[in-house]
Amino acid sequence: MNAHESALLEDLNDPQREAVLHHGGPLLVLSGAGSGKTRVITRRVAYLVKVHEVFPWRILAVTFTNKAAREMRERLVQLLGRQANDLVVSTFHSSAAMILRREAEHVGLTRSFVIYDDGDQLNVVKRAMREAGLEQSMQPREILSRIDQEKNQARLPEDMEVEPGDERGLLVQRIYHAYQERLRAANAVDFGDLLLLLVTLFRKRPEVLENYRRRFHHVLVDEFQDTNPVQYALLKQLAPPPSANLVVVGDDDQSIYRWRGADVDNILNFPREYPGAKVVKLEQNYRSDRNILDAAYEVIRKNTRRMEKKLWSDRPAGQTLQLMLNRDERMEAQEVARQILALQREGFIKFSSMAVFYRVNAQSRVLEEALRLARVPYTLVSGRSFYDRAEVRDASAYLRLMVNPRSDADLLRIINTPARGIGDTTVERVVDHANTRNQSLYEVLAEPGLIPALNTTAVKRLRTFHGLLESLHRYAQGTTDAASAVDEMLRETKLVETLVAEGSDESTTRAENLREFLGAAQEFDLNRAAAAVAAASGPRVEVPPEVDAAPLSADTPPLQAFLEQISLVGDADAEVGEGRVALMTLHAAKGLEFDAVFLTGLEDGVFPHSRALKGEDPDNGEEMAEERRLCYVGFTRARKRLFVSLAQCRSLFGELRYNPPSRFLRDVPPKLFGISEQDIPEPPRPAPMAAPRKRTWDEDDGPRIDRSYSQTSDMDGVSGDVRGMRVRHEQFGVGRIVAADGTGPNAKVTVEFGGAVGLKRVIARFLMPG
DNA sequence: TGGAGTCGCATTTTT
DNA sequence: TGCGACTCCA
């Protein structure tokens with residue numbers, strides 16, 4: 001064993017080492033939460049390069065998020081130094097984009113194609129619908145999501161499986177078709193296309209695929225449980241069964257993106273798709289105290305279709321989980337804030353090592369308010385932000401038009417931004433004209449005089465606008481860096497100028513954002529230059545003549561590359577704020593870890609989400625299984641302390657609801673909460689009137705927290721001021737209390753039920769909280 | 001052209 | 001309840 005080798009195998013446990021040393025052929029690494037999978041992937045890559053002397057450009061490592069790709073790359077740079085430059089480490093989407101750009105002409109695009117985001121997609125759908133005269137038929141949003149799903153399943157319009165009588169399906173198919181045509185005409189693709197077009201190309205042109213197979217001898221995939229069918233198809237093309245060197249790493253228990261097309265079966269069936277694949281389980285957890293792991297296991301083991309594995313740990317049992325019972329969501333939020341302060345004061349846990357999770361974003365508001373009130377510093381971790389702002393998107397639209405003037409969606413976005421007197425009617429006429437002539441808007445605008453029914457002012461304004469685009473386009477072709485293009489664009493379009501002139505606080509901020517946008521371009525150029533230097537100074541290895549080993553991004557011009565970064569990478573560093581508690585959805589929490597975690601809203605209907613509760617057999621449904629996995633993900637983020645909280649009643653979407661405690665709580669043995677069966681804390685009473693009816697309770701194995709809760713909460717009667725409260729009557733439906741006469745269960749209550757029912761006087765005990 | 005008013009809708013959102 | 005999309009008017 002030489003020095004490299006032993007250094008790379010150092011401090012790995014047996015299965016980790018086995019995965020790193022794996023000789024070749026398919027390998028599935030089932031890596032439980034906190035079991036060191038990134039370490040395994042990076043060490044394996046380094047081992048291939050250093051010990052087996054595999055050329056780095058032969059290795060393709062794909063992840064789902066940019067963050068994961070960045071982290072992986074950083075660790076590989078530490079392990080491999082300069083050699084890491086030749087590796088391809090990127091997300092599915094960016095590697096596909098890079099390959100697609102190289103092969104653009106095969107799929108009816110040019111190299112300057114642009115990538116449409118969600119908003120652009122929706123506009124294209126709307127346009128396609130309007131044109132087909134189908135505006136009223138279905139919600140554009142729904143159509144778009146159906147199109148996305150089809151793309152996730154690797155299906156083009158003609159591949160859609162539509163039942164003969166399925167009107168809506170046929171409609172989707174028709175619009176999907178028109179939508180694709182529009183994208184191609186605009187020299188644009190959407191996220192789904194990046195993968196789908198590539199898979200289709202590889203299918204149709206095996207010789208193109210062959211080039212990439214010859215090059216990439218090793219493919220590694222992180223978070224494999226989240227792959228959707230197109231992604232898997234692509235992997236199978238690049239690293240075909242049965243014997244390719246494909247290493248997939250993932251955890252079926254953490255598959256939480258089914259609704260985005262991810263398919264757990266990909267990981268569950270992997271050994272069947274790649275017969276003879278080696279399977280390594282990483283079950284030693286280095287993150288969480290044992291009580292936390294045990295609780296997580298009790299929740300996840302209820303799922304039937306999973307690969308059995310149980311995390312274990314050398315770590316101490318640690319403290320028990322803490323259950324927080326609250327009257328309502330405000331109290332929940334206050335308690336979370338209080339506990340956070342207590343932990344910080346006494347527990348030596350920093351704010352930055354704490355996090356609050358919730359199932360739906362709507363829960364965050366109350367939490368934020370309470371934290372603000374308690375002066376707890378926090379950051380809300382949410383998706384993209386900077387590049388989503390209207391002004392930044394306007395600027396990006398101009399940039400995209402600079403490289404690709406045919407991009408109609410972008411043109412429509414900025415045709416009157418800043419205001420240049422081109423109104424809706426004019427735009428409509430331009431669009432109609434373009435449609436009849438089957439040309440792009442930009443082409444049509446070259447001769448605005450030909451557009452029917454336009455007055456001379458409109459023609460003049462359109463001409464000026466076209467001139468602006470033309471000169472920007474010309475500029476972009478001559479430029480060698482992103483920043484100068486942005487600078488030129490901002491100057492010519494007067495975007496900043498107009499905002500400054502407006503003079504309001506808001507417009508000033510927006511102008512600032514545009515300057516920041518320029519800053520981002522400058523930074524991009526610097527990074528790119530540095531990367532080029534690093535690449536050039538790296539050791540040039542021999543490359544067999546039949547292999548194209550150039551970096552995938554080699555011939556993406558700078559402005560393109562910058563745009564690609566904006567579309568695919570989004571906000572460069574939306575890192576969790578220093579010294580702040582992190583607030584996020586459970587989905588956003590995947591891949592992170594904290595000393596203390598607060599998991600809120602553990603109520604049936606909130607978490608698990610009410611959608612998963614519907615259906616004939618909710619307990620066995622795939623949706624419920626996914627909620628369960630989400631819970632597992634939430635639990636396993638915690639290193640030392642896990643607080644689990646619920647509220648007896650909660651107003652969500654302006655409606656007061658009494659939800660029973662989450663079924664997931666029942667799965668956790670009481671002792672892990674430090675509850676001794678007899679010693680159940682009495683939850684605070686809900687305010688103001690509904691003293692919940694005590695349920696008679698059959699002994700079962702769950703913690704008896706439910707015992708002090710009502711499941712359906714018939715109201716015991718009237719106490720205090722109940723006016724305005726929402727109630728439900730079996731016969732009359734939902735209404736609001738107008739007045740009450742007396743107290744207790746027999747009090748007479750006047751309720752406004754609305755609609756035909758109107759005012760009714762009913763006895764309190766026939767009402768339920770509504 | 002944009003600002004106020006209205007309506008309808010409301011998991012999760014890696015790219 | 002609170003937001004965003006859309007409409008209508010000055």
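A note on names: the letters A, B, ... follow the listed sequences, proteins ahead of strands, and every chain is numbered from 1. Note that this is a predicted model, so its numbers are computed, not measured.
- The aromatic ring of Trp259(A) does not sit over the base of dT13(B), since the test of centres under 5.5 Å and planes under 30° is not met.
- Closest to the side chain of His609(A), out of dT11(B), dT14(B), dT1(B), is dT11(B).
- Where Ala419(A) and Ala588(A) meet DNA chain B, the nucleotide closest to each residue was compared, and Ala419(A) sits on the side nearer the 5' end.
- Arg628(A) has its CZ atom 18 Å from the C1' atom of dT12(B), to the nearest Å.
- In this structure, Glu369(A) pairs ionically with Arg365(A), as a charged nitrogen and a carboxylate oxygen lie closer than 4.0 Å.
- A donor-acceptor pair is defined here as one N or O able to donate and one able to accept, closer than 3.5 Å; no such pair exists between the side chain of Ser255(A) and the backbone of Asp252(A).
- For Thr65(A), the side-chain atoms get nearest to dT15(B) when compared with the rest of dT1(B), dT12(B), dT15(B).
- For the OP1/OP2 pair of dT12(B) and a distance below 4.0 Å, the side-chain nitrogens and oxygens of Asn361(A) include at least one atom meeting the criterion.
- Between dT15(B) and Asn152(A), no contact under 4.0 Å exists linking OP1 or OP2 to a side-chain N or O.
- The CD atom of Gln139(A) sits 17 Å away from the P atom of dC7(B) (whole-angstrom rounding).
- Rounded to whole Å, the distance from CZ on Arg657(A) to C1' on dT11(B) is 12 Å.
- Figure legend: Arg101(A) and Phe113(A) shown as a cation-pi pair, the cationic atom lying under 6.0 angstrom from the six-membered ring centre and within 45 degrees of its axis.
- Two residues are said to be in side-chain contact when any heavy atoms from C-beta on lie closer than 4.5 Å; Leu586(A) and Val633(A) fail this criterion.
- Atom P of nucleotide dG2(B) and atom CG of Asp424(A) are separated by 11 Å, given to the nearest angstrom.
- Taking atom CD of Glu142(A) as the reference point, atom P of dA10(B) lies 11 Å away to the nearest angstrom.
- Counting non-hydrogen atoms of other residues, nucleotides and ligands closer than 6.0 Å to CG of Asp424(A) gives a total of 12 or fewer.
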Please list, pair by pair, any protein nitrogen or oxygen found under 3.5 Å from a nitrogen or oxygen in nucleotides 1-10 of chain C.
unit_1 : atom_1 : unit_2    : atom_2 : d
dT1(C) : O4'    : Gly654(A) : N      : 3.4
dG2(C) : OP1    : Arg365(A) : NH2    : 3.3
dC6(C) : OP1    : Lys126(A) : NZ     : 3.4

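- The aromatic rings of Phe202(A) and Tyr212(A) sit tilted, their planes meeting at an angle between 30° and 60°.
- Between dT14(B) and Asn66(A), no contact under 4.0 Å exists linking OP1 or OP2 to a side-chain N or O.
- In this structure, NE2 of His587(A) is placed 9 Å from P of dT12(B), rounded to the nearest angstrom.
- Comparing dA5(C) with dT12(B), their P atoms sit 15 Å apart, to the nearest whole Å.
- A heavy-atom distance below 4.5 Å is found between the side chains of Phe664(A) and Glu627(A).
- Proximity of a side-chain donor or acceptor of Asn513(A) to a complementary backbone N or O of Val392(A) within less than 3.5 Å is not detected.
- Atom-to-atom, CG of Leu586(A) to P of dT12(B) comes out at 11 Å; the value is rounded to the nearest Å.
- The residue among Thr585(A) and Arg420(A) whose nearest nucleotide of DNA chain B lies closer to the 5′ end is Arg420(A).
- In this structure, Asp148(A) places its CG atom 15 Å from P of dT15(B), rounding to the nearest Å.
- At least one side-chain nitrogen or oxygen of Asn416(A) sits closer than 4.0 Å to the OP1 or OP2 atom of dT1(B).
- Among the atoms of the strands shown, base atoms are found under 4.0 Å from some heavy atom of Asp226(A).
- Using a 4.0 Å heavy-atom distance criterion, Glu627(A) is classed as a base contact.
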